[in-house]
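As a basis for the values below, the full set of heavy atoms in this structure was taken, side chains included, without hydrogen atoms, waters or symmetry mates. Atoms within a ligand are numbered from 1 in the order they appear, just like the ligands themselves.
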Amino acid sequence: MVRIKGIGAYAPKSELHNRDFERFLDTSDEWIFSRSGIKSRRISPPEQRTSDLAVEASKKALKRAGLSVDDVDMVIVATSSPDTLTPSTACITAAKLGMDKVPCFDISAACPGFLYALEIATGLLQTGKYRHILIVGVESGTKFIDWEDRSTAVLFGDGAGAAVLTVDEGPYGVLSTYLQGDGRLGELLKIEVGTAYPPGSWGVRMRGREVFRNAVVQMGEAAVKALQLANLKAEDLDWLVPHQANLRIIEATRQRLNLPREKVYVNIERYGNTSAASIPLALEEMLERGLLKEGDTVLAVSFGAGFTWASAVIRWG
Ligand code: UT7
C-alpha cells in the first residue's frame, strides 16, 4: 500500500491576532471568532518565500521518514501562492533542498491541493516507477491579501505541510482518495493574479456566504464518498481531519457523519485558513501531540476555490 513514511510542518513565527485587525479595519475579535472560529494566524514576512516554508516542512518530513534528499524521486507542490508562475515552487523547493535531477511540478487545486497531490503521488507510486515522492501543501496566501477588505483579510494564514510517500507491503497507508471539481462556480472565490487582471490589482476575492453554502454540501459529499470507496463507515473512523476554513463548516461536516466532537481535529483558532497547508499542518500537529497513533483510521476532507473538493481515508502508520 502507499503510505505516509514521514510528515512535517512549518508555520512562520509572526502572529497576527484578531485584535490587531481592530486597529485598521472595521471588525472585531468577537465577529471574527464567532463567524469563523479563528483567533490568530501566522504571517510570512516579505523576505520569506513560499518555497522557504516548503523547505522547512520538507526537511522535517524527510527526517521523520529517516530518508535523505537523495531518496526522493519526485517533488509535487500544491499551492495557490507560488514564488513565481515559473519556475514552479516544487523546482525551487527541490533546489533549495539540494536536489538535482528530480522531476518537480506544482499543482493548482486550492485548499484540497494536498489531497490532489496525494492521489497523484499514490497513482504514480503504484506504477512501481518511483520509490519515494515528496508532496507539499504550502501557502503564503497573505501576500495576496487586500488588507482593506475585511471580508477576506481576517480569514487566511500562512503555513506548510509535507509528506514523504512510499509504497510497501505493510497494512498501513492510503485506503481511498476522492477528487472532485466544478469550475462553473469559480467566480465565487478567486485570487485575482494572472493574465486576466492588470498588474497592481492583486487581491483575494470571495463571496463568503455562497462559498460557505457550497463548502458545507461538498465537504459532506466528499467525506461520504471516501468512506464508501474505502468500504468503511463513519463509526470506523478514529479521526476526521477537515480543512480548517470555518469552524461552522467543520461542525456541519461532523454532523453529516454523526461523529462525536472528540474525533474531529480542529486548530483553526491558531492558524486560520492555510488553504493547501491546512490538512498536513493538522496531521503533523496531531502526531506531535501524540494524538495520531499507529493503526488509526483518518478521514481527511477539503473544499476550496475552483471549486474543488477532495477526501482521503488513511490508515496511519
Ligand atoms: O477555504 C476555501 C473555502 N472557504 C470557505 O469555506 C469560507 C466560507 N465562508 C465563510 O467562512 C463565511 O461566509 C465567512 C466567515 C467568510 C463570513 O461569515 P458569514 O456568516 O457568511 O457572514 P457574511 O459574509 O454573510 O457577512 C455578514 C455581515 C455582513 O454585513 P451585513 O451585510 O449583514 O451588514 C458583512 O459585511 O458581516 C459583515 N462582515 C464583517 N463584519 C465585521 C464581513 N466581514 C466582516 C468582518 N468584521 N471581518
Salt bridge (charged side-chain N to carboxylate O under 4.0 Å, His left out) filter on D26, not counting sequence neighbours, yields R150
Between atom CD of E235 and atom CG of L227, what is the distance when rounded to the nearest 0.5 Å? 9.5 Å
Identify, chain by chain and in numerical order, each protein residue with a heavy atom under 4.0 Å from an atom of ligand 1. D26, T27, W31, R35, C111, R150, S151, V154, L155, L189, M206, G208, R209, V211, F212, A215, H243, A245, N246, R248, I249, N273, F303, G304
Using atom types as modelled, flag every donor-acceptor pair under 3.5 Å from a side chain in residues 281-300 to any protein atom, sequence neighbours excluded.
{"unit_1": "E284", "atom_1": "OE2", "unit_2": "R64", "atom_2": "NH1", "d": "3.2"}
{"unit_1": "E285", "atom_1": "OE1", "unit_2": "Y265", "atom_2": "OH", "d": "2.6"}
{"unit_1": "E285", "atom_1": "OE1", "unit_2": "N267", "atom_2": "ND2", "d": "3.2"}
{"unit_1": "E285", "atom_1": "OE1", "unit_2": "R270", "atom_2": "NH2", "d": "2.9"}
{"unit_1": "E285", "atom_1": "OE2", "unit_2": "R270", "atom_2": "NH1", "d": "3.0"}
{"unit_1": "E285", "atom_1": "OE2", "unit_2": "Y271", "atom_2": "OH", "d": "2.9"}
{"unit_1": "E288", "atom_1": "OE1", "unit_2": "R64", "atom_2": "NH2", "d": "2.5"}
{"unit_1": "K293", "atom_1": "NZ", "unit_2": "G290", "atom_2": "O", "d": "3.3"}
{"unit_1": "E294", "atom_1": "OE2", "unit_2": "Y172", "atom_2": "OH", "d": "2.8"}
{"unit_1": "D296", "atom_1": "OD2", "unit_2": "W239", "atom_2": "NE1", "d": "3.4"}
{"unit_1": "D296", "atom_1": "OD2", "unit_2": "K293", "atom_2": "N", "d": "2.9"}
{"unit_1": "T297", "atom_1": "OG1", "unit_2": "R315", "atom_2": "NE", "d": "3.4"}
{"unit_1": "T297", "atom_1": "OG1", "unit_2": "R315", "atom_2": "NH2", "d": "3.4"}

Residue of the set V167, V174, L175 for which side chain to side chain contact (heavy atoms under 4.5 Å, CB included) holds with M1: L175
Checking K143 against S44: is there a side-chain donor and acceptor pair closer than 3.5 Å? yes
Atom pairs and distances, donor-acceptor, side-chain atoms in residues 113-121, under 3.5 Å, two or more places apart:
{"unit_1": "Y116", "atom_1": "OH", "unit_2": "Q180", "atom_2": "O", "d": "2.8"}
{"unit_1": "E119", "atom_1": "OE1", "unit_2": "T177", "atom_2": "OG1", "d": "2.8"}

